[in-house]
Amino acid sequence: MSDIREEIERLTRRRAELFHALSEGHDAALAAERTQLEQRIAELWDEHRAARARLRFGDRDNIIRRARTEERLERAA
């Protein structure tokens, strides 16, 4: 998770540099790079949230399996 955070921070700094450069005038290449950075940052945040959830609650498949088992037990009761 710390690797993910470090990459998010690095990309966020680069995005700030791009915003500053773009504020001085439009550049299609910089705008495209900013768009790619935005997408990558969003992907990393998704990975970070998923990693935190796995640490807190366990593997997703195990959670679903437990929920289905509980659901069957409730219906049987």
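- A salt bridge is absent between Glu6 and Arg10; no separation between the charged side-chain nitrogens and carboxylate oxygens falls under 4.0 Å.
- Here the NE2 atom belonging to His48 is positioned 9.0 Å from the OG atom belonging to Ser2, to the nearest 0.5 angstrom.
- Using a 4.5 Å cut-off on side-chain heavy atoms (C-beta onward), Arg15 and Thr12 make contact.
- The list of ring pair (Phe, Tyr, Trp, His ring centres under 6.0 Å) pairs with a residue in residues 2-27, not counting sequence neighbours, is empty.
- Ion pairing of Arg68 with Glu71 is absent here, as no side-chain N (NZ or NE/NH1/NH2) approaches a carboxylate O to less than 4.0 Å.
- Here CD1 of Ile41 is found 12.0 Å from CG of Asp46. Values are rounded to the nearest 0.5 Å.
- Residue pairs meeting the side-chain hydrogen bond (donor to acceptor under 3.5 Å, both in side chains) criterion with at least one partner in residues 51-64, sequence neighbours excluded, are Asn62-Arg65.
- Classification of Arg40 and Glu47 as a salt-bridged pair holds, one side-chain N sitting under 4.0 Å from a carboxylate O.
- Residue Leu11 is grouped with residue Leu22 when hydrophobic side chains (ILVMFWY) are merged at heavy-atom distances under 4.5 angstrom, including chains of intermediate members.
- Cluster annotation: Met1 and Phe57 are assigned to distinct hydrophobic clusters (Ile/Leu/Val/Met/Phe/Trp/Tyr, side-chain heavy-atom contacts under 4.5 Å, transitive).
- For the side-chain contact (heavy atoms from CB on, under 4.5 Å) test with Leu18, the passing option among Arg34, Arg13, Glu38 is Arg34; the others fail.
- Contact record, Ile4 with Leu44: CG2-O, 3.5 Å, taken as the closest heavy-atom pair.
- Minimum heavy-atom separation, Gly58 to Ile63: O-CD1, 3.6 Å.
- Atom CD of Glu33 sits about 9.0 Å away from atom CD of Glu17, to the nearest 0.5 Å.
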